Amino acid sequence: MKVTAAITTYNRAAFLPGALESVFAQTRLPDEVLVVDDGSDDDTPEVLARYGERIRVVRQENSGRSAARNRAVEEARSGLLSFLDSDDVWLPDKLERQVPVFERSDRVGMVHGHVDLIDAEGERLPVESERHHELFSAAHRGGVTYAGYAFDCRCFSSALTARVDALRDVGLYDPALLLDDYDVYLRLALDWEIEFLEGPPVALYRHHEGQMTTYE
């Protein structure tokens with residue numbers, strides 16, 4: 001199956017190259033690299049211009065995280081969409097591990113896995129990472145159900161790949177909600193199968209001072 005790597009960004013010029021290079025370093029390369037620039041007014045356009053035709057850039061007025069992710073879903077030209085927040089990093093085998101899960105069953109709507117935490121400089125945070133692994137493993141020990149996710153939903157957007165038709169089927173992200181991503185995961189859990197991959201992490205989640213609740 002074809003997969004679109006989708007980066008949504010707002011004023012993250014300093015972190016964008018790391019995110020993009022992690023996409024190009026995949027052992028299973030994406031079929032399309034899409035960047036939704038949500039009205040950045042820093043050096044983001046100049047950073048993106050350096051990548052030329054290797055990426056497809058869609059720019060819009062600043063409308064928030066939900067709108068940027070919805071635009072990515074609308075613009076995707078592949079059957080699968082794999083999100084990456086612009087301050088995070090994929091590990092090299094993310095797509096190689098996740099894409100085959102969809103090929104085994106057309107009822108799988110989303111696949112995700114563990115993350116390791118890093119600081120602003122990219123150094124791993126082992127204690128925090130281990131704690132996240134424990135929490136994510138516990139939340140998925142009995143598989144994914146709506147009730148389970150309503151009680152304890154553990155997923156990071158940079159660690160997921162989703163079927164585009166599934167995201168469109170459940171109604172995309174709701175800009176009125178702070179936890180718009182958890183809302184989408186719950187709706188997916190109602191009508192689609194969600195698979196969680198145990199084992200090594202698939203992404204690095206960055207903690208830094210510039211982090212905002214709307215662009216985690």
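Count residues from 1 along the sequence. Quick caveat, the model's predicted, so the values are computed rather than measured.
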If hydrophobic clusters are built from ILVMFWY residues whose side chains come within less than 4.5 Å, do [X] and [Y] share one?
{"X": "Val23", "Y": "Leu48", "result": "yes"}
{"X": "Met110", "Y": "Val170", "result": "yes"}
{"X": "Leu177", "Y": "Leu186", "result": "no"}
{"X": "Val111", "Y": "Val73", "result": "no"}
{"X": "Leu29", "Y": "Val99", "result": "no"}

* Asked: Is a salt bridge present between Arg12 and Asp87, judged by a nitrogen-to-oxygen distance below 4.0 Å?
  -> yes

* Got a salt bridge between Asp183 and Arg187, using NZ or NE/NH1/NH2 to carboxylate O under 4.0 Å? -> yes

Student check: side-chain heavy atoms of [X] and [Y] closer than 4.5 Å:
{"X": "Lys94", "Y": "Gln26", "result": "yes"}
{"X": "Ile194", "Y": "Tyr149", "result": "yes"}
{"X": "Asp38", "Y": "Thr8", "result": "no"}
{"X": "Tyr51", "Y": "Val35", "result": "no"}
{"X": "Glu74", "Y": "Leu172", "result": "yes"}
{"X": "Val115", "Y": "Ser158", "result": "no"}
{"X": "Val3", "Y": "Arg28", "result": "yes"}
{"X": "Leu95", "Y": "Trp90", "result": "yes"}

* Structure fact -> From the list Asp169, Val108, Val144, side-chain contact (heavy atoms from CB on, under 4.5 Å) partner of Trp192 resolves to Asp169

* Structure fact -> With Ser137 as partner, the option from Glu134, His140, Arg141 fulfilling side-chain contact (heavy atoms from CB on, under 4.5 Å) is Arg141

Please name the pair of heavy atoms, one in [X] and one in [Y], separated by the smallest distance, quoted to 0.1 Å.
{"X": "Thr161", "Y": "Phe102", "result": "O-CZ, 3.2 Å"}
{"X": "Glu193", "Y": "Ser105", "result": "OE1-OG, 4.1 Å"}
{"X": "Leu160", "Y": "Cys155", "result": "CD2-SG, 4.1 Å"}
{"X": "Asp37", "Y": "Ser40", "result": "OD1-OG, 2.6 Å"}
{"X": "Pro92", "Y": "Ala25", "result": "CB-O, 3.9 Å"}

* How about Asp181 and Ser157: does a side-chain donor come under 3.5 Å of a side-chain acceptor? -> no

* Asked: Hey, are His112 and Gln98 close enough side-chain-wise for a donor-acceptor pair under 3.5 Å?
  -> no

* Evaluation steps, side-chain contact (heavy atoms from CB on, under 4.5 Å), between Ile55 and Ile7 -> CA-CA 10 Å; Ile55 62 177; Ile7 298 176; over 6 Å; no

* **With sequence neighbours excluded, residues passing side chain to side chain contact (heavy atoms under 4.5 Å, CB included) with Leu135** => Arg131, Arg154

* Partner residues of Ser78 under the side chain to side chain contact (heavy atoms under 4.5 Å, CB included) criterion, sequence neighbours left out -> Lys2, Thr4, Asp31, Glu32

* **Gap separating the OG1 atom of Thr145 from the CZ atom of Phe151, nearest 0.5 angstrom** => 11.5 Å

So does [Y] get a backbone contact from the side chain of [X], meaning a donor-acceptor N/O pair under 3.5 Å?
{"X": "Asp119", "Y": "Glu123", "value": "yes"}
{"X": "Arg69", "Y": "Gly64", "value": "no"}
{"X": "Ser63", "Y": "Glu61", "value": "yes"}
{"X": "Arg206", "Y": "Ile118", "value": "no"}
{"X": "Arg97", "Y": "Pro200", "value": "yes"}
{"X": "Glu75", "Y": "Val57", "value": "no"}
{"X": "Arg163", "Y": "Leu81", "value": "no"}
{"X": "Ser82", "Y": "Ala5", "value": "no"}

* Parallel, tilted or perpendicular: rings of Tyr173 and Phe83 (30°, 60°) -> perpendicular

* **Ring geometry between His132 and Phe136 (parallel below 30°, tilted from 30 to 60°, perpendicular above 60°)** => tilted

* **Stepwise side-chain contact (heavy atoms from CB on, under 4.5 Å) check, Glu128 with His207** => CA-CA 11 Å; Glu128 293 87 343; His207 274 302; 5.8 Å; no

